[in-house]
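A quick write-up on the structure given underneath.
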Amino acid sequence: MDEILRASLFLKAVLPLMEDLVDFDTIAASAISDKRLILQFEVKNGPSSHLRIEGGKIRHGIGMHQSPDIRLTFKKPELLNRMFDGEDVRPGLRKGFFHLLFLIREFPKLAERLQYYLEGDGKKAVDEKTKNFQVRIGLHAMLGGMATVASDDASLRSIADETPFGTLLVRILPDGPFGTFTKLSHNGGYIFESTFNQPVRHANAVMEFAGPDAAKKLIDGALNAVTAIGLGQEIKIRGLLPLIDKASIFLYRFGKIMGV
Amino acid sequence: MQEKQKPYAYAKSLELFARAAAVIPEGIYGHQNPAFVLPGACPYFADRAQGGHFWDVDGNQYIDFQCGYGPVVLGHNHPEVEDAVREQMAKGSCFNHPTRLMVDLAERLTSLIPAADWAAFAKNGSDVTTWAIRIAREYTGREKIVMARGAYHGAHAWCTAYPGGVLDDEKKHILSMRWNRLDDLENLADGHKDRIAGIILTPYHHPTYAAQEMPAGGFWEGVRKICDREGIVLIVDDIRACFRLDVRCSPHYFNIDPDILCVAKAMANGHPISAAMGRKNFRESAEAVFFAGTFWSSPAPMAAALKTLSILESTDAIPKMERLGRKLKTGLEELGQKHGFRVTASGPAALPYLTFDDDPDLYHIQAFSRHMISRGIFLHPHHNWFICAAHTDEDIDYTLETADEVFPEVRKEMES
């Protein structure tokens, strides 16, 4: 198991889902309704992300914030991964002793609600609204996961090098959500990034799901993407196929690392 | 020529694919997977073929410009080739020993191909390209292999573009250069002094999803010179273009002087066989690298190869493919211009590929191919095409006439 990559994925692809969570889930929303703080996560000598909680909203940012209110430092990526897996892990609290109550009471609630939507009940059928939310966070995680793997997975460096520059638009018909996975040039090299429900100027390649049901099946692992593309009904692709081809390698790796 | 009863539908292909997906990884794997062509808008399963045409399981007839991805060079079901195969099959197709045909074929190839002092046979391109790089390593006692970026040399771990199941160790001695860039090769040779065993290159560059590139003037002479100076084995992977440009294979056509030559595809007009050939000084190393496969000495494909080579040598098949390919290339470029597109038909005439110059994202070529396929002309959107000797002037005329209808469709689609 590549623990450092898994930690990167939690911080850069899963943690951003908190933004969606508090907009949708009333329990999660109430947990932060009166909070105003910046929560920093970092793995020592490794990846970091922060959450800005303010006005009933959460905004995610990659990297270190200049002045976080709470700073959680994990000596090893395994510790952060275990915390995200729901284990009782005590990271080093380098700053924010006055916000301990938030860490003890509210944050676990957020994590629990997110886990609930990501994993589902398994047996219980969910209502349409919940299903659409699960698809939304699934797509959001998928795009962030692809960009994180492409950026951070040393074992796929040659695939990242060979990935053509451009933007892959992934959208769920008829009304979204949608997002992008992009390789763009940067300082003589390249970077990967993802966006979610942001305006798209030009898509070099397009992957479209026929509807939320098709997307949910893929996210749940009940639909093989290659087969679905072949059958030409639930997933359609067009445009710069080498970009889709490489993105699918990153997506596969994301699923494998996260145990999806 | 088929009636213009288009556009085609692919209901039976899709139905069969759904069945396939239940029991076969990816339904159809590798380069034949529909995702590589036009998912939902092309045939997935073939039913039969004759000459330069094939029929899919829905009964749709196509002019076949893919030719089984190259092997069909004389046309499907060529009567003389099939007679030779049937004659051998009647005697048996799998023995404890090779047959006389293996010797006949090795003699034939070594007398025909300038670079060949010896020949050995397998089934697929990957079998022989992998063997060739191992021979280079055995010969030189070095580990590194140079290949061109975007080149395809098979599905084995050292050369596959996909990471699944591949160990870092299996790729760590593979170096890459840009096609036609002697400076890249010089830099690699400098940076890995006395460590490069071989360089494997196709005679011209035929990547997928992109225009083909012919060798620049002086490129091959330069490669040979660097190989000689540095003691690097020069392997030419002619799997795709062999026997289509020149019966003595592409090194003769392009004036290349390889140490080891790999061929397959068109060698037996669709019957499964590949071969590696080499100079006599590499024979001892070839003998030191174990090379075996249960079906590699199957005699029927060898009978097909002998007959195919004989027909290619004694008829105008190769110049005919060149002439028809040139007519197709020129015709498509002119039609593109007529309809306001800048298109380029790249590569050798017998293995052309069309790109829209202002379409780096492939939307235009995908629309063009989809409309052509739905009208009975199988033109792959992402891989080079193949002309065979059974194609006719009528096939090319019909293709161009159809393209004249399709270019405006592409324009309309792109504008919408």
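Numbered from 1 within each chain, the chains take letters A, B, ... in sequence-line order. Given the structure is predicted, the values throughout are model-derived calculations rather than measurements.
- Looking at B/Pro39, both its backbone and its side chain come within 4.5 Å of chain A, counting heavy atoms on both sides.
- With sequence neighbours excluded, the residues that form a ring pair (Phe, Tyr, Trp, His ring centres under 6.0 Å) with B/Phe65 are B/His391.
- Most heavy-atom pairs under 4.5 Å with chain A: of the set B/Pro163, B/Gly164, B/Ala21, B/Pro381, this distinction falls to B/Pro163.
- Contact of A/Ile159 with chain B is made through the side chain alone, with heavy-atom distances under 4.5 Å.
- Most heavy-atom pairs under 4.5 Å with chain B: of the set A/Ile229, A/Leu231, A/Ile237, this distinction falls to A/Leu231.
- For A/Phe178, the ring pair (Phe, Tyr, Trp, His ring centres under 6.0 Å) criterion is met by no residue, not counting sequence neighbours.
- Heavy atoms of A/Ile244 lying under 4.5 Å from chain B are absent altogether.
- Each side-chain hydrogen bond (donor to acceptor under 3.5 Å, both in side chains) pair with one or both residues in residues 74-83 of chain A, not counting sequence neighbours, appears once here: A/Glu3-A/Asn81, A/Arg82-A/Glu87.
- At a 4.5 Å heavy-atom cutoff, the contact between A/Leu241 and chain B is made by backbone and side-chain atoms alike.
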Which N or O donor-acceptor pairs, by atom type, sit under 3.5 Å across chain A and chain B?
residue: A/His202; atom: NE2; partner: B/Asp361; partner atom: OD2; Å: 2.7
residue: A/Ala203; atom: O; partner: B/Tyr363; partner atom: OH; Å: 2.8
residue: A/Asn204; atom: O; partner: B/Tyr363; partner atom: OH; Å: 3.3
residue: A/Asn204; atom: ND2; partner: B/Asp361; partner atom: OD1; Å: 2.9
residue: A/Asn204; atom: ND2; partner: B/Asp361; partner atom: OD2; Å: 3.2
residue: A/Ala205; atom: N; partner: B/Tyr363; partner atom: OH; Å: 3.4
residue: A/Gly230; atom: O; partner: B/Tyr44; partner atom: OH; Å: 2.3
residue: A/Gly239; atom: N; partner: B/Gln366; partner atom: OE1; Å: 2.8
residue: A/Gly239; atom: O; partner: B/Gln366; partner atom: NE2; Å: 2.7
residue: A/Leu240; atom: N; partner: B/Asp361; partner atom: O; Å: 2.9
residue: A/Asp245; atom: OD1; partner: B/Tyr162; partner atom: OH; Å: 3.2
residue: A/Asp245; atom: OD2; partner: B/Tyr162; partner atom: OH; Å: 2.5

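- When each of B/Gly150, B/Ala35, B/Ala41 is scored by its heavy-atom pairs under 4.5 Å with chain A, the top score falls to B/Ala35.
- Note: A/Pro242 leads A/Pro164, A/Gly232, A/Pro242 in heavy-atom pairs under 4.5 Å with chain B.
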